[in-house]
J.: 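First the structure, which I've put down as structure tokens, then a few questions once you've had a look.
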Amino acid sequence: MAPYISVSALSHEGLVREHNEDSLAVGPWTLCATVTTNPQTLLFPLGPPCVVAVADGLGGHPGGEVASALVARRLAATGGGLDGEEAVREELQDCNRAVYAAAADHPELAAMGTTVAGLVLLPEQVVAFNVGDSRVYRITGDGLHRVSVDDSPPLPPGRRTTSVVTQTLGGSLGLTYVEPHVRAAPLVVGDRYLVCSDGLTDPVPEEDLAELIARSHRADERADGRAAFELWKAAIEEGGPDNITLALVRIGE
């Protein structure tokens with residue numbers, strides 16, 4: 001069989017927020033500020049560029065869901081042309097300008113913003129990217145390996161999380177330049193990745209995420225759907241303090 005891409009994803013408001021400000025792009029498909037109660041699995045051939053991204057609208061600002069949806073829809077529309085690191089960097093700069101332009105046209109959305117994190121899957125490489133504190137992990141036999149870089153200030157001793165982000169797409173009253181974190185690695189059949197918002201990683205420590213994923217023994221997308229559900233459930237059991245969006249990505253054959 002030819003190699004393929006499997007993505008098992010869900011997005012949920014959690015137990016505290018009144019609505020979901022996260023958005024998700026998987027190939028040409030988007031799920032914007034909408035809730036799914038069960039993981040959805042999509043399959044794509046490995047070949048044309050395929051983007052998988054999570055955008056987390058900034059809480060405490062107007063229009064977080066508008067900013068995240070704008071970015072997710074742009075990435076879904078342009079993902080087929082993202083053929084390497086430089087193209088990804090340019091597209092994230094364009095997303096940043098688009099968020100500011102949309103806010104300028106609608107004063108009630110002033111300072112709206114969003115984080116973003118994701119992957120572009122190409123026949124021979126995986127390009128990981130992020131702006132803000134949404135995350136990308138590579139999953140291997142010995143656990144989770146964070147590929148993204150949190151845009152957050154240093155944590156004081158004893159603290160594991162912070163709600164402060166130092167860089168976002170949009171998020172201020174005037175256009176601010178961003179420096180996206182973009183990193184390419186060889187694509188290997190059997191690779192697995194987790195892309196998620198901080199609604200998962202803040203309440204659930206990385207070692208617990210790794211243990212939950214390791215329990216999915218079968219090497220196919222059915223195991224990933226179950227693992228996605230268990231990850232969401234772990235965040236809910238910790239109080240579901242924020243919107244929870246995640247995508248488990250597998251390169252299968």
Side-chain angles (χ1 to χ4, degrees), residues 7 9 11 19-34 48-122 127-136 148-152 164-184 195-199 242-243 245-247:
V7 184
S11 187
H19 61 284
N20 192 4
E21 293 187 298
D22 288 358
S23 295
L24 174 73
V26 180
W29 302 90
T30 59
L31 188 70
C32 298
T34 304
C50 180
V51 64
V52 179
V54 168
D56 180 355
L58 296 184
H61 291 235
E65 71 279 7
V66 177
S68 72
L70 186 158
V71 169
R73 288 175 178 139
R74 276 193 63 99
L75 291 172
T78 63
L82 300 178
D83 56 2
E85 291 181 72
E86 190 54 37
V88 171
R89 287 192 180 92
E90 291 177 2
E91 177 56 32
L92 293 174
Q93 296 290 357
D94 288 345
C95 285
N96 185 49
R97 286 189 285 267
V99 172
Y100 279 107
D105 290 339
H106 300 278
E108 70 277 11
L109 300 178
M112 73 172 178
T114 184
T115 71
V116 70
L119 303 166
V120 179
L121 300 145
L122 301 164
V127 181
F129 60 87
N130 79 284
V131 177
D133 60 356
S134 292
R135 291 181 179 174
V136 178
S148 55
V149 179
D150 283 356
D151 287 312
S152 300
V164 178
V165 288
T166 56
Q167 182 174 236
T168 59
L169 302 178
S172 59
L173 293 176
L175 177 62
T176 301
Y177 179 78
V178 294
E179 295 186 7
H181 305 283
V182 182
R183 176 180 178 184
V195 182
C196 59
S197 64
D198 65 350
D242 201 352
N243 305 148
T245 302
L246 64 101

J.: Can any side-chain N or O of Asp22 pair as donor or acceptor with the backbone N or O of Val54 at less than 3.5 Å?
T.: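 Here the side-chain-to-backbone pair does not exist.
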J.: Over all heavy atoms of both residues, which pair between Thr114 and Ala67 is shortest? Give the atoms and the distance, please.
T.: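 Smallest interatomic distance, heavy atoms only, reads CG2-O, 3.8 Å.
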J.: Could you pull out the closest heavy-atom pair between Ala103 and Ala110, with the gap in Å?
T.: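 Minimum heavy-atom separation between Ala103 and Ala110: CB-CA, 4.4 Å.
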J.: Strictly by modelled atom types, are Ser11 and Thr245 linked by a side-chain donor-acceptor pair under 3.5 Å?
T.: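 A donor-acceptor contact under 3.5 Å links the two side chains.
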J.: So, Thr166 side chain and Val164 main chain: donor-acceptor pair closer than 3.5 Å or not?
T.: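 Pair absent, no side-chain N/O of Thr166 close to backbone of Val164.
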J.: Please report the shortest heavy-atom distance between Asn243 and His19, naming the atom on each side.
T.: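 Looking at all heavy atoms of both residues, the shortest contact is ND2-O, 3.2 Å.
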J.: Can you see which heavy atom on Thr30 is nearest to which on Arg73, and at what distance?
T.: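 The pair with the smallest heavy-atom distance is CG2-CA, 4.0 Å.
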J.: Looking at OG1 of Thr115 and CG of Leu58, how far apart are the two atoms once the value is rounded to the nearest 0.5 Å?
T.: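 Result: 7.0 Å between the selected atoms.
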J.: Quick one: pull up CG in Leu119 and CG in Leu82 and give me the separation to the nearest 0.5 Å.
T.: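 Rounded to the nearest 0.5 Å, the CG-CG separation comes to 12.0 Å.
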J.: Please report the shortest heavy-atom distance between Ala53 and Val116, naming the atom on each side.
T.: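 Scanning both residues, the minimum pair turns out to be CB-CG2, 4.4 Å.
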J.: What's the spacing between Glu21 CD and Ser68 OG if we round to 0.5 Å?
T.: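 Glu21 CD to Ser68 OG: 7.0 Å, rounded to 0.5 Å.
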J.: Which residues pass the side-chain contact (heavy atoms from CB on, under 4.5 Å) test with Ala77, sequence neighbours left out?
T.: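 None.
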J.: Please identify each residue that fulfils salt bridge (Lys or Arg N to Asp or Glu O under 4.0 Å) with Asp242, with sequence neighbours left out.
T.: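 Listed in chain order: Arg17.
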J.: To the nearest 0.5 Å, tell me how far Glu91 CD sits from Leu75 CG.
T.: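 If I round to the nearest 0.5 Å, the distance is 5.5 Å.
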J.: Does Glu179 CD have over 12 foreign heavy atoms under 6.0 Å away?
T.: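 For Glu179, atom CD is not crowded (no more than 12 foreign heavy atoms under 6.0 Å).
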J.: Taking only residues two or more places apart in sequence, or in another chain, which ones meet Arg183 in a salt bridge (Lys or Arg N to Asp or Glu O under 4.0 Å)?
T.: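 Salt bridge (Lys or Arg N to Asp or Glu O under 4.0 Å) list for Arg183, sorted by chain: empty.
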J.: Show the nearest heavy-atom pair for residues Cys32 and Ala69, with the distance to one decimal.
T.: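 Cys32 and Ala69 have their closest heavy atoms at CB-CB, 3.7 Å.
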J.: side-chain contact (heavy atoms from CB on, under 4.5 Å) with Val66: which residues, sequence neighbours excluded?
T.: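 Checked Val66 against side-chain contact (heavy atoms from CB on, under 4.5 Å); matches are Leu109, Met112.
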J.: Taking only residues two or more places apart in sequence or in another chain, which ones pass salt bridge (Lys or Arg N to Asp or Glu O under 4.0 Å) with Asp83?
T.: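 Not a single residue meets the salt bridge (Lys or Arg N to Asp or Glu O under 4.0 Å) criterion with Asp83.
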J.: Considering only heavy atoms from C-beta outward, does the side chain of Val178 approach that of Leu92 to under 4.5 Å?
T.: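 They are not in side-chain contact.
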J.: Return yes if some donor-acceptor pair links the side-chain N/O of Ser148 with the main-chain N/O of Val136 below 3.5 Å, else return no.
T.: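 Yes: the side chain of Ser148 pairs with the backbone of Val136.
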J.: Rounded to the nearest 0.5 Å, how far apart are CG of Asp56 and CD of Glu65?
T.: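 Taking CG in Asp56 and CD in Glu65, the distance rounds to 11.5 Å.
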J.: To the nearest 0.5 Å, tell me how far Tyr177 OH sits from Asn96 CG.
T.: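 If we round to the nearest 0.5 Å, Tyr177:OH and Asn96:CG are 10.0 Å apart.
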J.: If the condition is salt bridge (Lys or Arg N to Asp or Glu O under 4.0 Å), which residues does Glu85 pass it with, not counting sequence neighbours?
T.: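 Checked Glu85 against salt bridge (Lys or Arg N to Asp or Glu O under 4.0 Å); matches are Arg89.
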J.: Less than 4.5 Å apart, side chain to side chain, heavy atoms only: is that true for Val182 and Val127?
T.: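 Of all side-chain heavy-atom pairs linking Val127 with Val182, at least one is under 4.5 Å.
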J.: Are Tyr100 and Thr176 packed together at the side-chain level, in the sense that at least one heavy-atom pair is separated by less than 4.5 angstrom?
T.: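 Yes; the side chains approach each other to less than 4.5 Å.
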